[in-house]
**Q** 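Provided herewith is a single structure, encoded as structure tokens, for subsequent inquiry.
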Number of protein chains: 2
Amino acid sequence: MGSPVYMQIFEDIKKKINNTELKPGDIVPSEAALCRDYGASRMTVRKGLALLVNEGYIYSIPGKGNFVSKPESNKYTIYFDEMENPINRVDQTRLLEVTIIMPDEKLAGELCTTRNKNVIMIRRLFYTEGVPVAYDVKYLLYHKGMPIVEKEIEHATFTEMISNNMPIFALKKEIMIYAQIPDEEIKRHLNIYHNLSLLVVEQKLFDKEEKPMGLGITYFRGDYIRLQGTNA
Amino acid sequence: MGSPVYMQIFEDIKKKINNTELKPGDIVPSEAALCRDYGASRMTVRKGLALLVNEGYIYSIPGKGNFVSKPESNKYTIYFDEMENPINRVDQTRLLEVTIIMPDEKLAGELCTTRNKNVIMIRRLFYTEGVPVAYDVKYLLYHKGMPIVEKEIEHATFTEMISNNMPIFALKKEIMIYAQIPDEEIKRHLNIYHNLSLLVVEQKLFDKEEKPMGLGITYFRGDYIRLQGTNA
DNA sequence: GAGTGGTCTAGACCACTCA
DNA sequence: GAGTGGTCTAGACCACTCT
């Protein structure tokens, strides 16, 4: 029993919640009561309770008490990287095009910019063992230090392109996942001759002021990629 | 400036990390130094640092110091619910079948069971505004209190089916997302006559001993669903 | 041995809720 | 006014790292 007191408190209460001995909405014994039960000081008890709060088991209402939470049952954590996924990895890329474009209505809206502002467009193909597995398009709002050198762009992930000149902790990212039938251009790029679905992943990156910095759309062959996640 | 001292410490250091004034791998000023800087007690300083640890900004090495982390740049949180998604919601369901089956090799493997154990199979259709949008199959390992009453199953999400008799906090869940072309049966169920992709979401639920309790596969019309997430 | 973080105490004052 | 959680202090002892 070498484990710290606050850990005991944490584990004990967690067990009671998992046993339904304490149910969502129930009040947890008060801090003073826990101090008595464990012969511990209040700071120690609070440290145990803080762990339960962090893991979403309980929440506090000042002046009232600590209460058992309703679990968030449909929350998942997934790790996504254009270049690497649970069943495969990109081992080669081909740069199709790097150009400056004027965005159309839709793209300007997505990037919260106007149609007369320059946008860098990067189109690439990703390969695994010589086979094209994904078609990738990025739109970056131009700003100083932006990589427009082919060498820097060709093998970079979206985050890498932008984090060259932007501290990465400040980035907010959104992801959108959907399924689609390939159009003729994508079929040609990905050597698709028969019926095949695409898994499309859109990534949008924001700066710390919540302004969009870029949009990336990756069209994966459906038989190439699976995204995995857990509620851990 | 009514905000607590520990919050000041937290914000200040966070800002320095986002400014790259402190870079990944750098050492954070020692707790003693921060006590001096802020005229605060050690417990207060430690509370501020604990926040940074929780949010993944720093980590501690006992006897050495606190260090700035490398950010996890490809981690996303998504909320998935069979019945409800960002662009639509299921407003009606139809139970196609509830039966007891013996699993085939593949399913037995997925559920870590043997081919002679009973498995409950539930097949349903989901509708939005009268249109079939998803075909849903669940496989549940039978155990006491399992819902086999149609009324209880028809409108339940996967988690609800199982959490009736199992404390929900103990559940571990895995999710897998991929794109697929519909087979003839699914085309018939979902009234698909032209080319259309499916977005397939597999959910696997585990008990607290990490043993699988059930597998759910939902085949969504590609034009019906988009999954969204953020790195928040 | 000096410095570091990890655990813990026994108090304190505050704002809040509830009866 | 009694009870609750939120913040904070000024100490303490420990195990650890580094030199």
**Q** For A:Y6, check ring-ring contact (aromatic ring centres under 6.0 Å, His included) against everything at least two apart and list the hits.
**A**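 Partners of A:Y6 under the ring-ring contact (aromatic ring centres under 6.0 Å, His included) test: none.
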
**Q** Rounding to a whole Å, what distance do you find between B:L49:CG and D:dC8:C1'?
**A**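 So the two atoms are 15 Å apart, to the nearest Å.
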
**Q** It should be established whether A:K47 places a side-chain nitrogen or oxygen under 4.0 Å from OP1 or OP2 of nucleotide C:dT7.
**A**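 Answer yes for this pair, as a side-chain N or O of A:K47 is under 4.0 Å from OP1 or OP2.
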
**Q** Return one dot-bracket line describing DNA chain C 5' to 3' (Watson-Crick or G-U wobble pairs, both distances under 3.5 Å; ( ) same strand, [ ] crossing, | another strand, . none).
**A** ||||||||||||||||||.

**Q** When you check the phosphate oxygens OP1 and OP2 of D:dT4, does a side-chain N or O of A:S30 lie under 4.0 Å from one of them?
**A**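 It does, given that an N or O in the side chain of A:S30 lies less than 4.0 Å from OP1 or OP2 of D:dT4.
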
**Q** Using atom OH of B:Y38 as one end and atom C1' of D:dT7 as the other, report the distance to the nearest whole Å.
**A**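 Roughly 17 Å, once rounded to whole Å.
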
**Q** Which residue pairs pass the ring-ring contact (aromatic ring centres under 6.0 Å, His included) test with at least one member in residues 39-65 of chain A, sequence neighbours excluded?
**A**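 Every ring-ring contact (aromatic ring centres under 6.0 Å, His included) pair that includes a residue of residues 39-65 of chain A, provided the two are not neighbours, is A:Y57-B:F169, A:Y59-A:F67.
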
**Q** Regarding A:G48, tell me which of base, sugar-phosphate or nothing describes its non-hydrogen contacts under 4.0 Å with the strands shown.
**A**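 The answer is nothing, as A:G48 stays clear of every strand by at least 4.0 Å.
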
**Q** Is any side-chain N of the basic residue among A:K138 and A:D136 closer than 4.0 Å to the acidic one's carboxylate O?
**A**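 Salt bridge flag = yes for A:D136 with A:K138.
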
**Q** Does OP1 or OP2 of D:dC18 have a side-chain N or O of B:K64 closer than 4.0 Å?
**A**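 So the side-chain polar atoms of B:K64 do come within 4.0 Å of the phosphate oxygens OP1 or OP2 of D:dC18, strictly under.
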
**Q** B:L51 has an atom CG; how far is it from atom P of D:dC8, in whole Å?
**A**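 That distance rounds to 11 Å.
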
**Q** If you look only at pairs with a residue in residues 40-52 of chain A, which of them pass as a salt bridge (charged side-chain N to carboxylate O under 4.0 Å, His left out), with sequence neighbours excluded?
**A**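 As it turns out, the salt bridge (charged side-chain N to carboxylate O under 4.0 Å, His left out) pairs with a partner in residues 40-52 of chain A, which skip direct neighbours, are A:E31-A:R42, A:E31-A:R46.
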
**Q** Only counting residues at least two apart or in another chain, list the ones meeting salt bridge (charged side-chain N to carboxylate O under 4.0 Å, His left out) with A:K204.
**A**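 Testing A:K204 for salt bridge (charged side-chain N to carboxylate O under 4.0 Å, His left out), a comparison that skips the adjacent residues, returns A:E110.
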
**Q** What is the distance from CZ of A:F10 to C1' of C:dT7, rounded to the nearest Å?
**A**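 The answer, rounded to whole Å, is 17 Å.
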
**Q** Collect all protein-nucleotide pairs involving nucleotides 11-14 of chain D in which both atoms are nitrogen or oxygen and the distance is under 3.5 Å.
**A**
| from | atom 1 | to | atom 2 | distance (Å) |
| --- | --- | --- | --- | --- |
| D:dA12 | N6 | B:R42 | NH1 | 3.4 |

**Q** Does a donor on one side chain sit under 3.5 Å from an acceptor on the other, for A:N66 and A:S60?
**A**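 Result is yes, a qualifying pair exists.
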
**Q** Is any side-chain N or O of A:N66 closer than 4.0 Å to OP1 or OP2 of D:dT4?
**A**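 No.
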
**Q** Aromatic rings B:F220 and B:F80: how do their planes relate, parallel, tilted or perpendicular, breaks at 30° and 60°?
**A**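 Plane angle over 60°, so perpendicular.
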
**Q** Would you mind telling me which residue lines up with the more 5' stretch of DNA chain C, A:V45 or A:P62, judged by nearest nucleotide?
**A**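 Checking each residue's closest nucleotide, the 5'-ward one belongs to A:V45.
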
**Q** Could you state the atom-to-atom distance from CZ of B:R46 to C1' of D:dT7 in whole Å?
**A**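 My rounded result for the distance is 17 Å.
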
**Q** Quick one: is D:dC8 close enough that its OP1 or OP2 comes under 4.0 Å of any side-chain N or O from B:Y6?
**A**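 Indeed not, no polar side-chain atom of B:Y6 lies that close.
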
**Q** When you get a sec, tell me which of C:dT9, C:dT4, D:dT9 is the closest nucleotide to the side chain of A:T44?
**A**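 The nucleotide sitting nearest to the side chain is C:dT9.
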
**Q** For the residue pair B:E202 and B:Y178, confirm or rule out a side-chain donor-acceptor distance under 3.5 Å.
**A**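 There is such a pair (donor and acceptor under 3.5 Å, judged by atom type) between the side chains of B:E202 and B:Y178.
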
**Q** Please figure out whether A:A40 or B:A33 has its closest DNA chain C nucleotide nearer the 5' end.
**A**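 Nearest-nucleotide comparison on DNA chain C picks B:A33.
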
**Q** Kindly indicate whether a cation-pi arrangement holds for A:K75 with B:Y79, taking the cut-offs as under 6.0 Å to the six-membered ring centre and within 45° of the axis.
**A**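 Here A:K75 fails the 6.0 Å and 45° test against B:Y79.
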
**Q** Give the rounded distance in Å between these two atoms: CG of A:L34 and P of D:dG6.
**A**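 The distance from CG of A:L34 to P of D:dG6 comes to 13 Å, rounded to the nearest Å.
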
**Q** Give the nucleotide from the list C:dG6, C:dT4, C:dT7 with an atom nearest to the side chain of B:E31.
**A**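 Side chain of B:E31 sits closest to C:dG6.
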
**Q** Using a cut-off of less than 4.0 Å, is there contact between a side-chain N or O of B:S60 and OP1 or OP2 of C:dG5?
**A**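 So the side-chain polar atoms of B:S60 never come under 4.0 Å of the phosphate oxygens OP1 or OP2 of C:dG5.
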
**Q** Between B:I9 (CD1) and D:dC8 (C1'), how many Å, whole number?
**A**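 After rounding, the gap between these two atoms is 11 Å.
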
**Q** Side chains of A:Q203 and B:Y76: donor-acceptor distance under 3.5 Å anywhere?
**A**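 A donor-acceptor contact under 3.5 Å links the two side chains.
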
